[in-house]
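In this chain, residues are counted from 1 in sequence order.
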Amino acid sequence: MKLILTICLSLSATCWLFAQTTPKVDTTDLLGILRKMLKPSASGPGKHSTIALLPALGYNPSIGFQMGLNVSGGMYFGNKDSNILSIFTVSAFVTTKQIATGQLRHNIFIHNNEWNFQGNWQVSRIATLDYGEGTGITKGTRGHFSINDLPLENDSAVFPIKFTYYRFTERAYRTIAPHWYAGAGLSLDIRNNIDDQKLDSPAMTPHSRYSQANGFNPKHYSANGLLFDILYNTKEHPNRSYGGMYADAGLRINQQWLGSTKNSFQLLTEFRKYWSLSNKNPEHVLAVWAWGSFLLAGSIPYLELPGTASDVYNRSGRGYTSGRFKGLSFFCEETEYRFPITRNKLMSGAVFMNLQTGSNQQGSSLFEYWEPAAGAGLRFLFNRYTRTNLCIDFALGRYGSKGIFFGLNEVF
């Protein structure tokens, strides 16, 4: 019922938003079908909408019932023949247990792609479910069914943590050669009013043990740093690429003079590659994604440790809840095969698998233990002009972990 309700609400919201415009009727995507249903007599060139909506619904005992909205859109800043489509996403939700968040993420190209701006801004009173550091740790762990990263019930291995979170991350990339960019930026990650809800239990929590061992105040801390990147981008499309490559390597240098609680150095890497397997149907795509964060020196706060769904769009590691695994250094790899199902490309499918590994301070090293997951999903073409998809995935992980994951646009 929750799956059906989410789909219906998503379609209804999109109908409501765009029914009042003069549409170009095109029944090869969901937006065109809905417009045809609402205004069957509509005709003419009209304008193509670039916005899609997806309600965010879920439940967890520590968070309560979650209600929110995800908005995805795109536009060209200049001639669309010489500029890459710029995209943005806006997310907002509230819960019945006084949790709320607002987030804006953007990827903007201007001046014939000479400049690329990537940003992630967030203000939240948020909660996370903590399972401790590292991978390969099974003691006391029992997974549950989850919807949108929220397990419907918790077990004794979960440590809920609530906190106030302010994030401002902005990078500016400048073309230095065809498809090559050099970038620099700033990232401020500030966490206050941290409430480690099981701290009064007989045993110390993972958060409190780590904070004490590394000299962090368990009630508040910051990780503020400078960003320096080299980027190579030949992706054929930002939302749903049929070919090309994206490779980014950078340093994050957290400094106390910027307000960071501790100094640290991290290497951040991301690699994406897409192969179209058919000239006739380019939607047959094999895609791989590798995302990593490696601590080179210093200390970072516990809630800043990279882990499951720590990527920009919080989509990695399907099969597990957000933050299920984390480490001082962390690496995730995903492989996905995408294929059309219907002849008009309205519906397509995907099968995928992923692997995660993380280190900890108890002696487990990176790449020593791997946590696998796999699944399959459906894609409904929301808007063929921006290749926006409504994604519905079912994934299975270890320790009984499983769930349904919704999203706008492909995971990577």
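With hydrogens and angles disregarded, no donor-acceptor distance shorter than 3.5 Å links the side chain of Asp130 to the backbone of Pro160. No donor-acceptor pair closer than 3.5 Å links the side chain of Ser278 to the backbone N or O of Pro282. With Thr357 contributing its side chain and Cys332 its backbone, the two residues share no donor-acceptor pair below 3.5 Å. For the pair Thr234 (side chain) and Met245 (backbone), a donor-acceptor distance under 3.5 Å is present. A distance-only check finds a donor-acceptor pair linking the side chain of Glu236 to the backbone of Tyr242 [under 3.5 Å]. Side-chain atoms of Thr342 come within 3.5 Å of backbone atoms of Met347 as a donor-acceptor pair (strictly under, hydrogens ignored). Panel note: side chain Arg387, backbone Arg240; a donor-acceptor pair is recorded below 3.5 Å. Here the side chain of Asn360 pairs a donor or acceptor atom with the backbone of Ser364 at under 3.5 angstrom. Proximity of a side-chain donor or acceptor of Arg174 to a complementary backbone N or O of Gly183 within less than 3.5 Å is not detected. A donor-acceptor pair under 3.5 Å is absent between the side-chain atoms of Asn120 and the main chain of Arg105, judged by distance alone.
Looking at Ser208 and Ser211, their side chains never bring a donor and an acceptor atom within 3.5 Å of each other. Looking at Gln118 and Asn116, their side chains do bring a donor and an acceptor atom within 3.5 Å of each other. Side-chain polar atoms of Asn112 and Ser82 form a donor-acceptor pair below 3.5 angstrom. Defined by atom type and a distance below 3.5 Å, a donor-acceptor pair is missing between the side-chain atoms of Glu133 and Tyr302. Counting only N and O atoms by type, the side chains of Asn224 and Asp189 include no donor and acceptor under 3.5 Å apart. In the model, Glu270 has a side-chain atom that pairs as donor or acceptor with a side-chain atom of Trp289 under 3.5 Å. No hydrogens or angles considered: nothing links the side chains of His284 and Asn281 as a donor-acceptor pair under 3.5 Å. Checked by atom type, the side-chain pair Asn154/Ser62 shows a donor-acceptor distance below 3.5 Å. Under 3.5 Å, the side chains of Thr386 and Asn239 contain no donor-acceptor pair of N or O atoms.
From Leu199, atom CG reaches atom OG1 of Thr205 across 5.0 Å, with rounding to the nearest 0.5 Å. A distance of 10.5 Å separates OG in Ser260 from CG in Leu226, rounded to the nearest 0.5 Å.
Remark: Phe145 engages Ile147, Leu152, Phe394, Lys402, Ile404 in a side-chain contact (heavy atoms from CB on, under 4.5 Å) (not counting sequence neighbours). Under the rule for a side-chain contact (heavy atoms from CB on, under 4.5 Å), the partners of Glu170 that lie at least two apart in sequence or sit in another chain are His106, Phe117, Trp121, Phe168. Under the salt bridge (Lys or Arg N to Asp or Glu O under 4.0 Å) criterion, Lys345 pairs with Glu283, sequence neighbours left out. In terms of the salt bridge (Lys or Arg N to Asp or Glu O under 4.0 Å) criterion, Glu368 has no residue partners (sequence neighbours excluded). Annotation: side-chain contact (heavy atoms from CB on, under 4.5 Å) contacts of Val123 (sequence neighbours excluded): Tyr166.
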query: Going through the checks in order, is the side-chain contact (heavy atoms from CB on, under 4.5 Å) test met by Ser222 and Leu188?
result: CA-CA 8 Å; Ser222 301; Leu188 308 177; over 6 Å; no

- request: May I have the step-by-step check of side-chain contact (heavy atoms from CB on, under 4.5 Å) for Leu303 and Tyr210, ending in yes or no?
  value: CA-CA 10 Å; Leu303 292 175; Tyr210 178 96; over 6 Å; no

message: Would Thr335 and Glu333 count as a side chain to side chain donor-acceptor pair (under 3.5 Å) here? Give the steps.
response: CA-CA 7 Å; Thr335 301; Glu333 190 279 334; 2.7 Å; yes

message: Using the rule given for ring pair (Phe, Tyr, Trp, His ring centres under 6.0 Å), can you reason through Phe380 versus Phe382, listing the C-alpha separation, both sets of side-chain angles and the distance that settles it, and then say yes or no?
response: CA-CA 6 Å; Phe380 298 93; Phe382 230 108; 9.4 Å; no

task: Any chance you could lay out the side-chain contact (heavy atoms from CB on, under 4.5 Å) test for Leu150 and Thr321, step after step, and finish with the verdict?
output: CA-CA 6 Å; Leu150 294 177; Thr321 61; over 6 Å; no

Audit row: Asp248, Thr269, side chain to side chain donor-acceptor pair (under 3.5 Å) steps and yes/no: CA-CA 6 Å; Asp248 191 2; Thr269 63; over 6 Å; no

query: Run the side-chain contact (heavy atoms from CB on, under 4.5 Å) check on Thr261 and Asn254 step by step: do they pass?
result: CA-CA 9 Å; Thr261 304; Asn254 292 328; over 6 Å; no

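Scanning both residues, Phe294 and Ser329, for their nearest heavy atoms gives CA-OG, 3.3 Å. Trp115 approaches His111 most closely through the heavy-atom pair CD1-CD2, 4.2 Å. Smallest separation of non-hydrogen atoms from Trp291 and Pro306: CH2-CB, 3.9 Å. Of all non-hydrogen atoms in Ala52 and Leu408, the two that sit nearest each other are O-CD1, 3.6 Å. Here the shortest heavy-atom pairing between Thr96 and Gly64 reads OG1-CA, 3.4 Å. Closest of all the heavy-atom pairs between Phe159 and Lys198 is CD2-CD, 3.8 Å.
Side-chain contact between Arg338 and Tyr274 is present, with at least one heavy-atom pair separated by less than 4.5 Å. Inter-residue side-chain proximity for Trp370 and Phe331 is flagged as met; some heavy-atom pair is nearer than 4.5 Å. Side-chain atoms of Lys162 and Gln197, non-hydrogen and from C-beta on, do get closer than 4.5 Å to each other. Looking at Leu57 and Phe93, their side chains never come closer than 4.5 Å, going by heavy atoms from C-beta outward.
Taking 4.0 Å as the cut-off between side-chain N and carboxylate O, Arg379 and Asp393 count as a salt-bridged pair. The pair Glu410-Arg315 fails the salt-bridge criterion, with no side-chain N (NZ, NE, NH1 or NH2) lying under 4.0 Å from an Asp/Glu carboxylate O. Taking 4.0 Å as the cut-off between side-chain N and carboxylate O, Arg324 and Asp149 do not count as a salt-bridged pair. Here Arg252 pairs with Glu304 in a salt bridge; the nearest charged N to carboxylate O distance falls below 4.0 Å.
The aromatic rings of Tyr320 and Phe325 lie perpendicular to each other, with more than 60° between the two planes, well past the 30° mark. Taking the six-membered ring for Trp and thresholds of 30 and 60 degrees, Tyr59 and Phe65 have ring planes inclined between 30 and 60 degrees apart. Ring planes of Tyr232 and Trp180: tilted class, angle from 30 to 60°.
A cation-pi arrangement, defined by a distance under 6.0 Å to the six-membered ring centre and an angle within 45 degrees of its axis, is present between Arg191 and Tyr165. For the pair Arg272 and Phe412, the cation does not sit on the ring face, since its NZ or CZ is not both under 6.0 Å from the ring centre and inside 45° of the axis.
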Return all side-chain donor-acceptor pairs below 3.5 angstrom for residues 72-81, not counting sequence neighbours, or 'none' if the list is empty.
| unit_1 | atom_1 | unit_2 | atom_2 | d |
| --- | --- | --- | --- | --- |
| Ser72 | OG | Asn409 | ND2 | 3.0 |
| Asn79 | OD1 | Asp81 | N | 2.7 |

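A side chain to side chain donor-acceptor pair (under 3.5 Å) with Asn214 is found for one member of Arg209, Lys262, Gln361 and no other, namely Gln361.
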